[in-house]
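First the structure, in the form of structure tokens, and then the observations on it.
Convention: sequence-line order gives letters A, B, ...; per-chain numbering from 1. Only this structure's heavy atoms are used, side chains among them; waters, hydrogens and symmetry mates stay out.
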Amino acid sequence: MHQVSNHDLVRILSEMATLYDMEGVAFKPRAYEKVAEHIEQLDREVTDLYREGGVKALRTIPNVGEGIAYHIELILKTGTFPEYEKYKKRVPVKLDELMGIGGLGPKSIKTLYARLKIKDLSSLERAARAGKIAKLARFGEKSQEKILKAIEFSKKGVGRFLLGAVEPLVRTIEERLRRVPDVGHVTTAGSYRRRQETVGDIDILVTAKNGKRVMEEFLNMPEVETVLAHGSTKSAVRLKSGIQCDVRVVPEESYGAALQYFTGSKEHDVELRKIAIKKGFKLNEYGVFKVGARSQKLGARVAGRTEEEVYRALGLRVMEPELRTASGEIEAARAGKLPKLILYGSLRGDLQVQSSWTDGNNSIEEMARAAAEAGLEYIAITDHTKGLAMTRGLDEKRLLQQGKEIDRVNAELRMKNVECRVLRGTECNILKDGKLDLTDAALKTLDIVGVSVHSHFNLSEREQTERIIRALKNPLVNILFHPTGRKIQKREPYAVDMSKIIRAAVLYGVALEINAAPERLDLKDTHIREAVERGAKLVIDSDAHATAHFKWLDFGISQARRGWATKKEVLNTLSCEEFLKALKGLTPNEIRHGM
DNA sequence: GCCGTTTTCGGCCCGACTGTTTTCAGTCG
């Protein structure tokens, strides 16, 4: 039996969608595409799903009916299916490569193959450079030029950008646009507003009577590299940093509808439009409109100025942007069961902070003062332990010395009326066998024991999971730091069964960290949601290695909100006293383990 | 090909911009 990964399935199913599109087949493309999207979101391998429950289990995947289930079954068994092979034979090209070129879609790719035998990026580039593309019907000089530019861009390999990296740029551009006379709202929508961990492009919405001046300012910004499109209500540019930025101008009375529409997600919007149709409305970026019973003519606008208006017209409560992913939020909104998400600015402590004792940039005192400045009432200093030699990790002896320094800093801060308490903590390595890098005697001297994996990333899923659970069983352990170890776009998470880890965390009274560092954001949203459902407790930490890093906490809150977390699951929304009490209260296992 | 709180048949989200064309198909979000 072939070992077919979800990644492979997604590729074949979306290619099938493209192939159907090429031949002008109606409706099937969207059907296959949707299934590919759902599988991409799946936390489980479809192979496992099928092994356990057969075709019936496959049909639990949304949009998988009889036909596609059969095709998936064939892919799992043979690596492909006849329909796919048949279509593939007609246009045997590297679809993943060619579809990655902006401006090229199924129809163009088919034409390029039929007329010029273009199969991949290199033959595309050769034909463009030789001027052959410009000569084709429905192509021209400009299309050819555009293709060459897109090839250049794809070679740079820039895809999505970390939210944390994009934010300063967005602020700058928003400021520029706000200075244009007679501009009303300037709001960045899209995945940025939904606070996704990465952002594909920047979508800025502007309200103004006259879009021309806005566009003039926008297209002439120093950040702009190339203009991709420019109209009176919509323009798009590639910025020098590589990211695409779009501006849309709408009238004030459409602001809410446009904001709703451009915030997405796309799937969320599609759901909303279907609801609108059922109610006899039409929803677009200009508002909610009545539709004439017989004619399809648009009637009066019934909503559009605010998002609240739009959602209300559809019989829904407005929901936080972070929830808009078409994963149950619409049903919850209809039932009045939207979660009351944890609010920005509601963290009172930070439980993972490194100092210059190991790999941090600043002293304990500097970190404490910066934390106070950032509005935090307490931080835990959690330097690495000895197993991490490259960071000069602390051994038991230096940990004791550090404890004394923390006492001194606390006394100093009190004297100077700086209201931030420093807790003694550790980011203790979990060793290969699940034991900890410090003795229990040393751990007992601390207020907070955080543990994390920094080595042996390549263990099997079973070994890694057992290793971590063994560490969680130690009754002195309070928090599991960055539970999956991933670094966004840099390092895959290690193989670990997060469902088991979450259950173990609940059982052994360990809080799970949402690490707010922009390239970590670990746990990710789906795990947070599962943790919340299972009753696990969470903490949100900056993992600060420098005084400037406390501002990262907001990214952690975004992450928590996308995982449907409320204040009550996040322990560091409590005061320091309450927090420490709550941590202790988590450990029903103290007795079980004979403490 | 999928789906059902008006449906097991008849629908399937919607609009802006581009380029090449002379009225619109293709792409994108």
Side-chain angles (χ1 to χ4, degrees), chain A residues 13 16-18 20-22 24-36 38 59 61-72 83 98-112 133-147 150 189-191 199-205 211 215 227-237 244-250 254 257-258 260-289 291 293 296 298 314-315 326 330-331 334-335:
Chain A
L13 292 173
M16 190 69 247
T18 309
Y20 277 134
D21 236 337
M22 278 178 181
V25 178
F27 302 111
K28 290 189 188 185
R30 265 309 285 159
Y32 280 82
E33 223 168 87
K34 273 190 202 165
V35 173
H38 281 294
R59 298 202 45 178
I61 302 169
N63 266 77
V64 173
E66 196 182 346
I68 296 186
Y70 178 58
H71 285 163
I72 292 177
E83 181 89 343
L98 296 177
M99 284 293 284
I101 296 300
L104 285 191
K107 297 280 166 58
S108 312
I109 291 173
K110 187 186 177 189
T111 307
L112 290 172
I133 292 177
K135 296 202 179 80
L136 295 179
R138 294 217 141 265
F139 287 80
E141 287 293 338
K142 283 195 175 171
S143 316
Q144 184 168 278
E145 197 51 39
K146 225 168 131 182
I147 286 170
S191 48
V199 174
D201 55 17
I202 302 170
D203 293 305
I204 304 179
L205 178 64
M215 293 311 182
V227 175
L228 301 171
H230 61 282
S232 58
T233 68
K234 177 182 172 174
S235 294
V237 300
Q244 185 176 325
C245 182
D246 299 357
V247 162
R248 288 289 302 248
V249 179
V250 298
S254 293
Q260 189 289 308
Y261 176 57
F262 291 113
T263 297
S265 71
K266 200 178 163 192
E267 294 74 23
H268 176 91
D269 285 357
V270 169
E271 292 305 311
L272 250 51
R273 285 178 181 203
K274 286 182 189 164
I275 293 173
I277 292 168
K278 278 186 192 153
K279 290 188 175 290
F281 293 136
K282 188 221 255 308
L283 170 62
N284 62 25
E285 59 262 57
Y286 299 107
V288 181
F289 300 89
V291 179
Q296 282 301 298
L298 279 193
L314 303 179
I330 292 173
E331 293 78 356
R334 194 181 278 134

- Query: How would you label the contact of R248(A) with the nucleic acid (heavy atoms, under 4.0 Å): base, sugar-phosphate, or nothing?
  - Reply: sugar-phosphate
- Task: Please check the phosphate of dT20(B) (OP1 and OP2 only) for any side-chain N or O of S143(A) closer than 4.0 Å.
- Result: yes
- Message: Does T111(A) reach a base, just sugar-phosphate, or nothing at all? Heavy atoms under 4.0 Å.
- Response: nothing
- Task: Between dG26(B), dC13(B), dA16(B), spot the one nearest the side chain of S108(A), thanks.
- Result: dG26(B)
- Message: I want to confirm an ordering. Mapping K234(A) and G65(A) to their closest nucleotides on DNA chain B, which one lands closer to the 5' end?
- Response: G65(A)
- Distance, rounded to the nearest Å, where D246(A) contributes CG and dT27(B) contributes P: 18 Å
- Query: K266(A) has a side chain; which of dC13(B), dC17(B), dG19(B) sits nearest to it?
  - Reply: dC13(B)
- To the nearest angstrom, how far is K34(A) atom NZ from dG11(B) atom C1'? 12 Å
- Proximal nucleotide (of dG26(B), dG1(B), dC2(B)) relative to the N63(A) side chain: dC2(B)
- Message: Can you check the distance between dC13(B) and dT18(B), where both ends of the measurement are the P atom (answer in whole Å)?
- Response: 26 Å
- Task: Kindly indicate, with the supporting measurements, whether the criterion side chain to side chain contact (heavy atoms under 4.5 Å, CB included) is fulfilled by M16(A) and E83(A).
- Result: CA-CA 9 Å; M16(A) 190 69 247; E83(A) 181 89 343; 4.1 Å; yes
- Task: Check the pair S235(A) / V227(A) against side chain to side chain contact (heavy atoms under 4.5 Å, CB included), numbers first and verdict last.
- Result: CA-CA 8 Å; S235(A) 294; V227(A) 175; over 6 Å; no
- Query: For F27(A) and dC12(B), do the ring centres fall under 5.5 Å apart while the planes stay under 30° apart?
  - Reply: yes
- Item | Interatomic distance at P, dG15(B) relative to dT7(B), whole Å | 26 Å
- For nucleotides dG26(B) and dT21(B), find the distance between their P atoms and express it as a whole number of Å. 13 Å
- Item | Nucleotide of dC14(B), dG29(B), dC17(B) approaching I277(A) most closely (side-chain heavy atoms) | dC14(B)
- Message: Under 4.0 Å, counting only non-hydrogen atoms across every strand here, what does G102(A) touch: a base, just sugar-phosphate, or nothing?
- Response: sugar-phosphate
- Whole Å only: how far is the CZ atom of F281(A) from the P atom of dC14(B)? 14 Å
- Syn/anti label of dT6(B) as read from its glycosidic torsion, with the cut at 90° from 0: anti
- Note on the structure: note: Q244(A), atom CD; dC28(B), atom P; distance rounded to Å ~ 10 Å
- Is Y261(A) side chain donor-acceptor paired with the dG29(B) base, going by distance under 3.5 Å alone? yes
- Note on the structure: Ranking dG19(B), dC14(B), dA16(B) by distance to the side chain of N284(A), first place goes to dC14(B)
- Message: Tell me whether Q144(A) contacts the main-chain N or O of A134(A) through its side chain, where contact means a donor paired with an acceptor under 3.5 Å.
- Response: yes
- Item | Minimum side-chain heavy-atom gap R248(A)-D203(A) below 4.5 Å | no
- Query: Nearest to the side chain of D201(A) - dG29(B), dT5(B), dT27(B)?
  - Reply: dG29(B)
- Can you tell me how far P of dC14(B) sits from CD of E271(A), to the nearest Å? 13 Å
- Min side-chain heavy-atom separation K279(A)-V288(A) under 4.5 Å: no
- Task: Examine distances only and state if a side-chain atom of D21(A) and a backbone atom of G24(A) form a donor-acceptor pair shorter than 3.5 Å.
- Result: no
- Distance between the C1' atoms of dC14(B) and dC9(B), in whole angstroms? 25 Å
- Message: Taking the P atom in each of dG19(B) and dC12(B), what is the distance between them to the nearest angstrom?
- Response: 31 Å
- Item | Qualifying residue, where the test is side-chain contact (heavy atoms from CB on, under 4.5 Å) with Y261(A) and the options are V250(A), L283(A), D269(A), L272(A) | D269(A)
- Query: Heavy atoms under 4.0 Å, any strand shown: does V35(A) hit a base, just sugar-phosphate, or nothing?
  - Reply: nothing
- Item | Phosphate-side-chain proximity, Y286(A) and dA16(B), N/O vs OP1/OP2 below 4.0 Å | yes
- Query: Base, sugar-phosphate alone, or nothing: which one does L104(A) contact when heavy atoms must sit under 4.0 Å apart?
  - Reply: sugar-phosphate
- Message: Starting the side chain at C-beta, find the nucleotide from dC13(B), dT7(B), dA16(B) nearest to V270(A).
- Response: dC13(B)
- If you find the nucleotide of DNA chain B closest to R30(A) and the one closest to D203(A), which residue's nucleotide is nearer the 5' end? R30(A)
- Item | Strand partner of dC28(B), provided both Watson-Crick or wobble distances fall under 3.5 Å | dG15(B)
- Atom C1', compared across dG1(B) and dT5(B): separation rounded to whole Å: 23 Å
- Query: Is E331(A) salt-bridged to R334(A), cutoff N-O under 4.0 Å?
  - Reply: no
- Roughly how far apart, to the nearest Å, are dT22(B) and dA16(B) at atom P? 24 Å
- Task: Quick one: label K274(A) by what it contacts on the DNA or RNA (base, sugar-phosphate, nothing), any heavy atom closer than 4.0 Å.
- Result: sugar-phosphate
- Consider the side chain of K142(A), meaning its heavy atoms from C-beta on, and name the nucleotide among dC14(B), dT27(B), dT20(B) that approaches it most closely. dT20(B)
- Note on the structure: I72(A) atom CD1 is separated from dG1(B) atom P, nearest whole Å, by 13 Å
- Base, sugar-phosphate, or nothing for P106(A), non-hydrogen atoms under 4.0 angstrom? sugar-phosphate
- Query: Looking at the side chain of R273(A), which of dG29(B), dG1(B), dC13(B) is the nearest nucleotide?
  - Reply: dC13(B)
- Query: Tell me: CG of L228(A) to P of dG19(B), nearest whole Å?
  - Reply: 11 Å
- What does F262(A) touch in the nucleic acid at a heavy-atom separation under 4.0 angstrom: a base, only the sugar-phosphate, or nothing? nothing
- Please state how far atom CD1 in I147(A) lies from atom C1' in dT27(B), giving the value in whole angstrom units. 12 Å
